[in-house]
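Heads up, the thing below is written out as structure tokens.
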Amino acid sequence: MLNVLFVCVAGMSTSLLVEKIKKEAENRGIEMQLKAVPEAETRKGLDEIDVLLLGPQVRYLEKQMQKMLEGKETKLGVVDMLAYGRMDAPKVLDQILDLNNR
């Protein structure tokens, strides 16, 4: 099971994308737990996730998150702004899978 945490500002638009990604993963037969949280809740459960995704609106947190993940096997990525804006679940799922396989 792939565990992914998606960090955003408030979670509203991201929640829509998360639901689409979950459906896309299900269609592909990929077992995945995906949760969207605001930045303030990011520190909880970092040891339990495989991929930490930042929404484009919080990409400024990337260096801070890298420091938080030092020594952990969790992969970090920033969602492509165009894919986010278009709610392109297949593209974001591909990004998650690519990050996880690095």
Side-chain angles (χ1 to χ4, degrees):
M1 162 106 44
L2 181 60
N3 291 309
V4 181
L5 189 62
F6 199 139
V7 180
C8 55
V9 175
M12 296 196 194
S13 58
T14 303
S15 294
L16 295 171
L17 181 55
V18 162
E19 290 308 311
K20 289 182 173 202
I21 295 167
K22 286 179 180 178
K23 186 172 269 190
E24 179 67 20
E26 185 179 312
N27 290 342
R28 294 188 196 184
I30 299 168
E31 285 189 53
M32 181 170 60
Q33 182 176 357
L34 177 59
K35 181 178 174 185
V37 298
E39 182 267 328
E41 294 181 30
T42 305
R43 289 164 176 65
K44 300 175 187 173
L46 285 179
D47 293 328
E48 302 164 9
I49 59 170
D50 302 302
V51 175
L52 178 63
L53 270 185
L54 300 177
Q57 69 275 37
V58 292
R59 78 176 324 123
Y60 64 90
L61 296 171
E62 189 172 13
K63 287 184 182 178
Q64 178 184 345
M65 295 299 155
Q66 284 173 338
K67 287 181 182 179
M68 286 175 48
L69 294 173
E70 282 180 6
K72 301 180 185 334
E73 293 190 24
T74 303
K75 306 299 191 288
L76 175 64
V78 177
V79 176
D80 176 75
M81 192 179 313
L82 193 56
Y84 185 90
R86 291 182 175 171
M87 296 281 156
D88 189 343
K91 186 169 183 172
V92 178
L93 179 56
D94 288 342
Q95 182 182 6
I96 291 168
L97 297 173
D98 182 51
L99 284 167
N100 189 56
N101 290 324
R102 286 187 192 167

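Position 1 is the first residue of the sequence, and the numbers go up from there.
Note that the CD atom of E41 and the NZ atom of K35 stand 6.5 Å from one another [nearest 0.5 Å]. The distance from atom CG of N100 to atom CD of E73, rounded to the nearest 0.5 Å, is 10.5 Å. Atom OG1 of T42 is separated from atom CE of M65 by 4.0 Å, given to the nearest 0.5 angstrom. Rounding to the nearest 0.5 Å gives a distance of 4.5 Å between CD1 of I49 and CG of L5. Taking OG1 of T14 as the start and CD of E19 as the end, the distance is 12.0 Å to the nearest 0.5 Å. How far CG of D50 is from OG1 of T74: 7.0 Å, rounded to the nearest 0.5 Å.
Minimum heavy-atom separation, L99 to G77: CD1-CA, 3.7 Å.
Between R59 and E62 there is no salt bridge, since none of the side-chain N atoms of the basic residue sits less than 4.0 Å from a carboxylate O of the acidic one.
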Could you tabulate the donor-acceptor pairs under 3.5 Å formed by side-chain atoms of residues 89-96, not counting sequence neighbours?
residue	atom	partner	partner atom	Å
D94	OD1	R28	NH1	2.6
D94	OD1	R28	NH2	3.1
Q95	NE2	V78	O	2.8

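Remark: K22 NZ is packed, more than 12 non-hydrogen atoms of other residues, nucleotides or ligands lying under 6.0 Å away. The number of heavy-atom neighbours closer than 6.0 Å to CD of Q66, taken from other residues, nucleotides and ligands shown, is above 12. Enclosure of atom CD in Q64 by more than 12 non-hydrogen atoms of other residues, nucleotides or ligands within 6.0 angstrom is indicated. The environment of K75 atom NZ is dense: over 12 non-hydrogen atoms of other residues, nucleotides or ligands sit within 6.0 angstrom.
Residues L54 and Y60 have side chains not in contact (no heavy-atom distance under 4.5 Å, counting atoms from C-beta outward). Proximity of I21 to V4: side-chain heavy atoms (C-beta onward) are nowhere separated by under 4.5 Å. Between L82 and D88 the shortest side-chain heavy-atom distance does not fall below 4.5 Å. Counting heavy atoms from C-beta outward, L97 and L2 have side chains that approach closer than 4.5 Å.
Residues satisfying the side-chain hydrogen bond (donor to acceptor under 3.5 Å, both in side chains) test with E39, not counting sequence neighbours, are none. In terms of the salt bridge (Lys or Arg N to Asp or Glu O under 4.0 Å) criterion, K23 has no residue partners (sequence neighbours excluded).
In the hydrophobic clustering of this structure, M81 does not group with F6; members are Ile, Leu, Val, Met, Phe, Trp, Tyr whose side-chain heavy atoms approach within less than 4.5 Å, directly or through other members.
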